[in-house]
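Worksheet: one structure, shown below.
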Amino acid sequence: MRWIDFHWTLQEALWRTGGGRELVVGVLLASLTLGVRAQQPTSQGSTRVEVRLYHRTSVESATLTPKRGGFAVRLPSGGAPVLRIRTGETVTLGRRQSDVYVRRGDSALYAHSLRLAPTRGATWTLAPGTRSARAYTGGLALAPDSAGEALQIVNHAPLDDYVASVVASEYGFEDREGAKAMAVAARTYALYSSTHPETSYEQVDGTASQVYRGTDAITETARRATRQTRGQVLTYEGAPIQAVYFSSSGGHTADNEDVWTDSDPLPYLRGKKDPYDRASPHHRWTARINRRALLRTLTLHQNASVEGILLGDRISGRRLATIELLHSDGPETAIEASTFRRVANEGVEGTPVKSTWFDARREGSEYVFEGRGYGHGVGLSQWGAHAMAQQGKSYREILSFYYTGVEVEQRSDLSLPSSRPPLANEATVSLPDSTQRDTTSGRIGW
């Protein structure tokens with residue numbers, strides 16, 4: 001045990017000095033003043049989104065530098081701060097066995113988990129390992145990951161900053177109405193995910209949730225779209241929807257249960273003909289993939305020798321549901337087409353298989369894929385939203401076209417649940433297999 005309470009007034013913090021000797025430092029909670037005032041919630045900015053940063057990287061340590069304001073470091077049990085980090089001061093965050101630490105100079109503070117509360121308006125940068133630093137706002141929670149092999153860093157990001165960063169990172173256009181539609185969808189997705197928690201955090205910062213690159217990524221268009229739609233969410237019969245989206249439909253969107261086959265049909269995620277996709281560079285595409293490299297990748301994934309592939313069943317004559325794998329030492333096996341696509345794209349360098357709406361043939365040492373669209377095809381098409389905006393459609397018309405029967409609802413209270421336990425030893429999110437249906441992971445940006 002690293003922390004002990006004495007009559008609710010005294011805690012012991014384990015420190016390690018530069019000389020390697022461990023010291024027990026008593027902290028008198030009733031009288032301790034560290035000069036850092038933790039951010040207080042406000043009616044407009046109290047909502048936070050819990051986002052695991054660098055979730056696909058095994059982070060051992062990261063450098064943190066407040067650029068404006070600072071942090072009060074607290075134990076997960078609460079109480080007075082046990083450390084302060086001032087503007088311009090660089091500290092190292094890391095993991096040692098089952099503990100996490102904040103290291104400053106020759107001394108380090110160790111605990112099973114730690115929370116870093118920002119001063120009002122604080123901005124800071126974070127750089128894991130040798131990666132470039134990114135700028136963020138909001139607080140931090142540190143814990144070992146579930147395997148105890150890496151540092152889990154969760155940003156408690158202000159909702160407006162989170163939405164603006166997602167719009168800028170996910171929607172690469174400058175039109176106002178399309179950006180506003182994306183802002184409402186991103187906000188709704190965050191709210192929906194917060195009411196369906198599966199881990200000690202709500203989101204990750206990549207395509208398994210929504211792409212979130214911090215505040216440096218935010219453009220004026222994204223910030224304006226977030227501000228002009230503030231408090232607006234998509235609802236169906238009064239409840240926030242699962243506002244999934246993707247890049248390009250290829251001319252027709254998909255029903256959710258056809259893509260995620262063990263999920264229940266959702267009335268607002270109905271496939272339809274999409275006339276707004278024609279200008280997309282992904283409307284039709286061709287990919288050439290080395291046959292030997294693809295079969296090797298499939299063999300590793302299946303843990304069985306794969307000698308060839310066949311196209312399987314189709315959904316409504318468009319997107320493939322399955323791919324048949326040929327084996328020299330056994331019968332054919334089927335995998336979901338979305339799993340095939342993910343495995344191929346992760347395991348073979350080169351032009352990606354952009355969707356499951358494709359035909360394929362063999363030409364010598366290559367497989368040639370000819371397809372339509374980019375992504376899973378469920379919900380809002382980003383290229384379609386852009387085309388609709390260019391044609392003078394409003395963001396409400398865009399959202400109503402791609403999400404069937406929804407309402408854009410103005411809400412004054414977007415508070416997200418905050419009842420999660422401390423983050424120590426909680427489960428992590430890895431990139432999901434597409435067969436995991438009743439989660440929100442893996443449904444954005446594929």
Side-chain angles (χ1 to χ4, degrees), residues 170-173 206-207 211 244-255 258-260 271-302 306-326 332 334-388 390 402 431 434 442-446:
E170 290 272 15
Y171 190 73
F173 307 107
T207 55
V211 178
V244 292
Y245 51 87
F246 59 96
S247 177
S248 172
S249 71
H252 206 288
T253 64
D255 294 338
D258 287 342
V259 174
W260 303 302
K272 63 170 60 178
K273 186 176 181 181
D274 182 5
Y276 302 105
D277 189 71
R278 296 188 187 94
S280 165
H282 313 297
H283 185 69
R284 293 183 181 273
W285 51 267
T286 300
R288 293 180 174 270
I289 297 181
N290 181 273
R291 178 176 179 272
R292 180 175 296 180
L294 177 59
L295 297 181
R296 182 169 58 247
T297 294
L298 292 169
T299 294
L300 291 173
H301 179 265
Q302 295 294 111
V306 178
E307 303 295 329
I309 61 173
L310 295 173
L311 302 185
D313 298 331
R314 290 189 182 272
I315 304 164
S316 302
R318 289 180 289 271
R319 291 170 176 81
L320 285 159
T322 58
I323 298 292
E324 302 290 333
L325 304 181
L326 307 179
E332 300 172 2
I335 63 172
E336 290 194 353
S338 55
T339 300
F340 170 84
R341 176 181 169 235
R342 175 177 60 82
V343 172
N345 289 345
E346 290 181 353
V348 183
E349 295 183 0
T351 304
V353 179
K354 295 182 178 182
S355 73
T356 59
W357 190 352
F358 61 77
D359 288 308
R361 65 181 185 275
R362 180 179 174 182
E363 289 188 359
S365 62
E366 293 182 322
Y367 285 121
V368 179
F369 295 82
E370 294 180 339
R372 301 177 67 164
Y374 202 158
H376 50 66
V378 182
L380 180 142
S381 164
Q382 293 167 322
W383 274 96
H386 176 56
M388 290 184 73
Q390 288 184 314
Y402 284 108
L431 189 65
S434 62
R443 297 185 173 183
I444 297 296
W446 281 92

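These numbers come from a predicted model, not from an experiment.
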Contact check, side chains of Phe340 and Leu320, non-hydrogen atoms, under 4.5 Å: no

Atom of Ile309, atom of Phe369 and distance for their closest heavy-atom approach: CD1-CZ, 4.4 Å

Contacts of Glu324 that satisfy salt bridge (Lys or Arg N to Asp or Glu O under 4.0 Å) - sequence neighbours left out: none

Asp255: partners by salt bridge (Lys or Arg N to Asp or Glu O under 4.0 Å), with sequence neighbours left out: Arg270

Test ring pair (Phe, Tyr, Trp, His ring centres under 6.0 Å) applied to Phe173 - qualifying residues, sequence neighbours left out: Tyr171, Trp383, His386

Full working for side chain to side chain contact (heavy atoms under 4.5 Å, CB included) between Phe358 and Arg341: CA-CA 11 Å; Phe358 61 77; Arg341 176 181 169 235; 5.7 Å; no

Close side-chain approach of Tyr374 and Pro281, heavy atoms under 4.5 Å: no

Between CG on residue Leu310 and CD1 on residue Ile323, distance to nearest 0.5 Å: 9.0 Å

Listed partners of Glu349 passing side-chain hydrogen bond (donor to acceptor under 3.5 Å, both in side chains), at least two apart: none

Backbone N/O of Tyr245 and side chain of His376: donor-acceptor pair under 3.5 Å: yes

Over all atoms of both residues, closest heavy-atom pair of Ser355 and Gly375: CB-O, 3.6 Å

Val306 and its side chain to side chain contact (heavy atoms under 4.5 Å, CB included) partner, picked from Leu295, Leu294, Leu326: Leu295

Set of side-chain hydrogen bond (donor to acceptor under 3.5 Å, both in side chains) partners for Arg314, sequence neighbours left out: Asp359

Over all atoms of both residues, closest heavy-atom pair of Gly373 and Trp285: O-NE1, 2.8 Å

Heavy-atom side-chain contact between Ile335 and Thr322 under 4.5 Å: no

Side chain to side chain contact (heavy atoms under 4.5 Å, CB included) between Ser338 and Trp260, intermediate numbers included: CA-CA 9 Å; Ser338 55; Trp260 303 302; 5.8 Å; no

Heavy-atom closest contact (Asp274 atom, Ser381 atom, distance): OD2-CB, 3.9 Å

Sub-4.5 Å side-chain heavy-atom contact between Arg342 and Glu336: no

Heavy-atom donor-acceptor pair, Thr253 side chain to Lys272 backbone, under 3.5 Å: yes

Derivation of the side chain to side chain contact (heavy atoms under 4.5 Å, CB included) call for Ile315 and Trp357: CA-CA 9 Å; Ile315 304 164; Trp357 190 352; over 6 Å; no

Point-to-point distance, once rounded to the nearest 0.5 Å, from CG of Asn345 to CD1 of Ile289: 7.0 Å

Ser280 and Ser248: side chain donor to acceptor below 3.5 Å: yes

Test side chain to side chain contact (heavy atoms under 4.5 Å, CB included) applied to Arg319 and Asp258, step by step: CA-CA 9 Å; Arg319 291 170 176 81; Asp258 287 342; over 6 Å; no

Residue pairs fulfilling salt bridge (Lys or Arg N to Asp or Glu O under 4.0 Å) with at least one residue in residues 276-297, sequence neighbours excluded: Arg288-Glu363, Arg288-Glu366

